[in-house]
Structure formats: C-alpha cells, structure tokens
Amino acid sequence: MDIIEKQNVIEIDDAFRENVKERFIRYAKIYSTSSSENADKGIIPSTPQQFDFARELKKELESLGFKNIQLTENCYLYANIPATLGFEKTKPFCLLAHMDTVEEVSGLNVNPQVFKNYDGKIIDLKDGIKLDPSKIPALCQAAEESDTVITTDGTTLLGGDDKAGITIIVSALEYLMAHKDIPHGKIEVIFSPDEETGHGMDKVPLNLLESKFAYTVDGGHLGELESECFNAFRSDITFKGIASHTNNARANGMVNAISMAGAFIQSLPRGESPETTDGRLGFYCPLKINGSMEEASVSLFLRDFDKDNMEKRKALVEQLAFAAASSFGGKAEVKHVQQYLNMKEGLDKVPYVKEVLINAYKVCGVEPVMTPIRGGTDGSRLTEMGIPTPNIFTGAHNYHSASEWVSLKQMVKATEIIIELSSMITKL
C-alpha cells in the first residue's frame with residue numbers, strides 16, 4: 001500500500017487534552033479487578049465490579065450519542081458510531097479495549113497523582129516507590145517534552161492497562177462525532193471483561209459485529225505497533241506414584257510423585273525460562289505444583305513465536321516428564337492445552353489492515369516500532385477467530401505494578417492516530 005497523505009486537519013486543543021486527562025482519571029478510580037480463579041471456572045465476568053465499570057461506561061456512551069449500545073450478560077459492552085453521510089459503504093472496523101485490571105496488585109481505591117509539565121525530578125510515591133527518570137527512558141522523554149504524567153500514589157496499580165485504551169477510543173470517537181466534516185465509515189466498539197485472566201474473548205458477541213478487521217488499543221510506549229505475539233500452550237503434567245508409610249518405604253516399593261515432579265522441573269532448560277529470555281526467545285515456565293506422594297501435578301506455560309519450535313517444546317516436555325517418572329518407577333501423563341496463537345499468520349493474509357495503521361502513525365508524526373508481544377492480547381484471540389487485529393500503543397508504562405504511570409501526550413497522540421486511521425480506511 002502506498003503512503004496515504006494526511007487526510008484532515010485535526011485540532012487538538014487544551015480543552016481536548018484536559019478532557020482526555022479527566023476521563024482517564026475518572027476511569028482509573030473505578031474498581032474493576034478480575035479473578036483468574038473464577039475465570040478459569042468459566043465465570044465471565046469473573047468479578048461483579050467489572051459490571052459496575054461497564055454500566056458507567058454504558059451511561060457515558062449513551063450521553064455521547066453512540067448507537068446500538070448493548071451490555072451483554074457476560075459483560076461485553078458493544079456500541080457503534082454510524083458512517084459519515086456518503087461513506088456508508090466504507091469497510092467497517094472495530095476498536096477494542098478491556099475493562100478489567102490485573103489482580104496481582106490492588107486496584108481498589110486508586111488515587112491518581114497528576115504531574116503537569118513534568119520537570120524530570122524523581123517522583124516519590126508511598127511505600128518507598130520512586131520513579132527515577134535516570135533509570136526509566138520513557139519518563140526521561142516525558143520530562144524533556146514537559147509532558148503531563150499521571151501516576152499511582154504507590155499503594156495500588158493505576159489501571160492504564162487498559163483504561164488508557166478505553167479513554168483513547170471514547171475520546172477519538174467523541175471527536176469524530178463532533179466533527180462531521182471528517183469522513184469515516186461505521187466504527188464499532190467492544191469493551192471486554194477478563195482480558196487479564198486470559199479469557200477476554202471467551203464470550204465475545206461476534207454476532208453483533210459487522211467488522212471483518214479490528215484494532216486493540218492496549219500497547220505501551222509511543223510508536224509501539226504490535227502484530228506478532230507468542231504461540232501459547234499450557235502443559236498439564238500428572239505424576240502417579242505409590243504411597244507407603246515411610247517406615248517401610250523400601251520394602252513396600254514406595255514411589256514418590258512429588259519427587260518425580262521436582263525432578264521434572266529441575267530437568268527443564270534453565271536458560272529457557274522467562275527470567276533468562278527476551279525479544280523473540282521462547283521459554284518454559286512452571287506456574288504451579290501441588291499434590292501428594294501418590295499423585296502430583298505441574299502446570300507449565302510454553303511460549304514460542306515459531307509454530308515448529310512450539311511442537312519441539314511440547315515434545316521435550318513429554319520426553320522429560322516420562323524420563324522423570326521412569327527414573328522413580330512411576331508414571332506420567334501429559335496434556336497440552338492451546339491458549340492462543342501468534343497473530344502474525346492471520347495478519348499476513350490481509351496486509352492492508354496493518355499497512356493502513358502504519359500510514360496513520362506516519363502522517364501523525366509517529367514512527368512505528370514493530371514490537372513482538374511476549375504474551376497475548378484479545379487481538380491474538382480475535383485473529384484466530386478470523387478477525388485480524390493488531391495492537392496500538394496507549395502511553396501507559398510499568399504495567400501491573402504500583403509504579404505504573406501514563407503519559408498524557410502519548411494518550412492524546414494515540415487518539416489522533418485513531419481519528420486519522422478512521423478517515424484513511426475510507427480509501428481502502
């Protein structure tokens with residue numbers, strides 16, 4: 001696809017920036033933490049507070065003039081804005097962001113701190129947390145640009161993942177509805193629950209979607225454009241032994257399943273763990289071990305960008321599990337469960353989906369940074385379902401921690417890119 005020239009003059013003024021900031025802070029204060037335990041049991045949404053956030057968003061979308069707003073029984077919030085007059089035949093597309101926040105750090109009673117015209121000084125938060133720009137390049141950049149930085153108070157996460165994404169989508173579409181001179185087709189929106197639990201697309205209402213392609217707004221630093229992610233499997237290994245009183249263990253032929261499980265974990269390649277890999281390197285990650293002398297289980301994450309390498313990883317897990325069991329005289333069972341697949345293959349089949357986004361970045365003065373995701377998004381699941389979905393940055397940093405912070409300038413720039421993207425799609 002040839003580079004498309006900038007389509008519109010987008011006027012981002014101080015009032016718009018203030019609106020983006022206040023919208024994000026309002027969202028950040030709403031408790032919406034999800035629960036992996038409940039989601040793994042098939043409970044979607046996994047927590048009632050996600051519905052609380054969804055209902056507040058629904059009211060806001062109604063007040064802004066969004067159309068066909070629906071909140072499903074599984075807490076997916078759908079809405080759309082109609083095409084500009086004369087552009088009804090433009091390809092529709094969907095924008096997605098998730099409403100839940102991660103459970104590892106408290107998301108209750110979030111108290112955002114605003115540093116306007118950030119000057120580069122160390123930011124001291126509660127509980128001894130410091131944000132030091134000399135150690136955080138993105139924060140140093142924010143200081144150089146006198147950006148407005150929004151942080152936690154140090155006692156909770158902030159929720160930029162992904163309330164920054166929701167802020168960007170709502171703000172961009174509010175702008176489009178207020179500027180009827182900017183051409184665009186029908187734009188659909190889905191705000192989903194339980195992305196952080198890995199179940200964000202389990203109950204997605206595809207029946208409501210007309211769009212054949214989409215974009216998640218769930219990335220990090222300015223310029224990140226993600227169209228590639230891990231292939232992900234979970235391996236569940238069960239070791240079966242023979243229980244015996246320890247006093248007569250030798251005579252009774254005791255076989256300790258816990259010892260088998262421990263030996264298996266020790267046999268995994270130490271140089272291929274999450275803490276020893278980065279970039280495009282895959283890994284093995286033991287997540288959980290439990291059981292007794294008679295039966296023990298290990299839950300293991302397998303990650304790799306390459307499908308063939310993933311098959312080799314699965315085969316090695318089986319080999320090591322059976323070897324560990326055999327060495328103790330026990331037995332092992334291995335079950336591999338697919339979690340998500342690399343979205344690259346699906347996106348390569350429809351290159352215009354990414355190319356038009358690259359164009360939107362460039363005409364808005366942002367150089368795309370193609371970053372492979374060392375994880376997955378709702379977009380990777382959607383791509384598997386036949387709706388190719390790359391990922392756009394949000395300006396949020398230090399995800400899943402009490403040191404999380406968001407750049408207002410980067411949020412606003414992502415908003416501008418979505419506005420421009422919406423217009424460029426009319427040329428497809």
Side-chain angles (χ1 to χ4, degrees), residues 33-44 46-47 102-106 108 127-128 194 196-199 202 230-278 281-304 308-340 374-376 400-402:
T33 299
S34 53
S35 164
S36 294
E37 181 179 358
N38 286 343
D40 287 346
K41 295 175 182 176
I43 302 170
I44 306 294
S46 62
T47 55
V102 72
E103 61 197 297
E104 284 81 2
V105 181
S106 174
L108 184 62
D127 294 340
D194 278 288
E196 297 293 1
T197 67
H199 294 274
D202 284 7
F230 274 141
N231 295 294
F233 280 77
R234 186 186 76 241
S235 296
D236 295 324
I237 304 100
T238 303
F239 296 95
K240 296 184 177 181
I242 300 172
S244 168
H245 193 291
T246 54
N247 191 43
N248 299 309
R250 187 172 188 177
N252 293 337
M254 185 181 84
V255 178
N256 195 327
I258 293 175
S259 297
M260 285 186 261
F264 164 72
I265 290 173
Q266 286 297 312
S267 69
L268 292 169
R270 294 190 65 183
E272 297 182 52
S273 62
E275 61 269 31
T276 62
T277 56
D278 55 20
L281 298 173
F283 59 75
Y284 305 85
C285 181
L287 260 291
K288 188 184 298 183
I289 180 171
N290 55 45
S292 64
M293 184 186 298
E294 192 168 45
E295 183 172 300
S297 62
V298 175
S299 181
L300 180 75
F301 277 6
L302 307 183
R303 299 291 186 263
D304 207 292
D308 291 339
N309 285 344
M310 177 56 75
E311 291 306 309
K312 293 176 183 177
R313 289 185 184 280
K314 290 157 65 176
L316 180 61
V317 166
E318 293 170 17
Q319 178 185 338
L320 296 177
F322 297 145
S326 177
S327 69
F328 284 87
K331 295 181 180 180
E333 296 176 355
V334 180
K335 179 182 178 182
H336 302 297
V337 180
Q338 179 180 303
Q339 295 175 300
Y340 54 85
R374 289 182 61 80
H400 299 187
S401 74

Nearest heavy atoms of [X] and [Y], plus distance in Å:
X	Y	value
T197	D194	OG1-O, 2.8 Å
P286	L300	N-CD1, 3.4 Å
S292	A257	O-CB, 3.6 Å
L316	P269	CD2-CG, 4.0 Å
T246	M293	CG2-CE, 4.5 Å
A261	I289	CB-CD1, 3.7 Å

Legend entry - Test side chain to side chain donor-acceptor pair (under 3.5 Å) applied to S401 - qualifying residues, sequence neighbours left out: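 For S401, the residues satisfying side chain to side chain donor-acceptor pair (under 3.5 Å) (neighbours in sequence not counted) are S403.
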
Are the side chains of [Y] and [X] in contact, using a 4.5 Å heavy-atom criterion?
X	Y	value
F233	F301	no
R374	F283	yes
K335	S235	no
V334	V317	yes
L268	C285	no
I265	V298	yes
L302	R234	no

Inset, instruction - Check whether more than 12 heavy atoms from other residues, nucleotides or ligands sit under 6.0 Å from atom CD of Q338, and answer yes or no. - result: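 Yes, CD of Q338 has more than 12 neighbouring heavy atoms, counting only those of other groups under 6.0 Å.
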
What residues, two or more places apart in sequence or in another chain, satisfy salt bridge (Lys or Arg N to Asp or Glu O under 4.0 Å) together with [X]?
X	value
E311	K314
R313	E272, D304
K288	none

Inset, instruction - Using the side-chain hydrogen bond (donor to acceptor under 3.5 Å, both in side chains) rule, collect all pairs that involve residues 247-271, keeping only residues at least two apart or in two chains. - result: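 Found S244-N252.
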
Inset, instruction - Return the orientation label for the F264 and F239 ring planes: parallel under 30°, perpendicular over 60°, tilted otherwise. - result: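 Geometry flag for F239 against F264: tilted rings.
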
Inset, instruction - In sequence, state the C-alpha distance, the side-chain angles, and the governing distance for E37 and I43, and then conclude on side chain to side chain contact (heavy atoms under 4.5 Å, CB included). - result: CA-CA 9 Å; E37 181 179 358; I43 302 170; over 6 Å; no

Legend entry - Residue of the set E196, E103, H199, E104 for which side-chain hydrogen bond (donor to acceptor under 3.5 Å, both in side chains) holds with S36: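 The residue from E196, E103, H199, E104 that satisfies side-chain hydrogen bond (donor to acceptor under 3.5 Å, both in side chains) with S36 turns out to be E103.
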
Inset, instruction - Ignoring hydrogens and angles, state whether a donor on the side chain of T277 or R303 is under 3.5 Å from an acceptor on the partner side chain. - result: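 The criterion, which ignores hydrogens and geometry beyond distance, is not satisfied for R303 and T277.
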
Inset, instruction - May I ask you to check whether D236 and H336 show a side-chain donor-acceptor distance below 3.5 Å? - result: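 Judged by distance alone, the side chains do not pair up.
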
Inset, instruction - Any chance you could lay out the side-chain hydrogen bond (donor to acceptor under 3.5 Å, both in side chains) test for S297 and N290, step after step, and finish with the verdict? - result: CA-CA 6 Å; S297 62; N290 55 45; 2.8 Å; yes

Inset, instruction - Say whether, by atom type as modelled, one donor and one acceptor occur between the side chain of Y284 and the main chain of S273 under 3.5 angstrom. - result: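 No, because the side chain of Y284 does not come within donor-acceptor range (under 3.5 Å) of the backbone of S273.
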
Legend entry - salt bridge (charged side-chain N to carboxylate O under 4.0 Å, His left out) contacts touching residues 317-333 (sequence neighbours left out):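 Checked against salt bridge (charged side-chain N to carboxylate O under 4.0 Å, His left out) - neighbours excluded - the pairs reaching residues 317-333 are K240-E333.
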
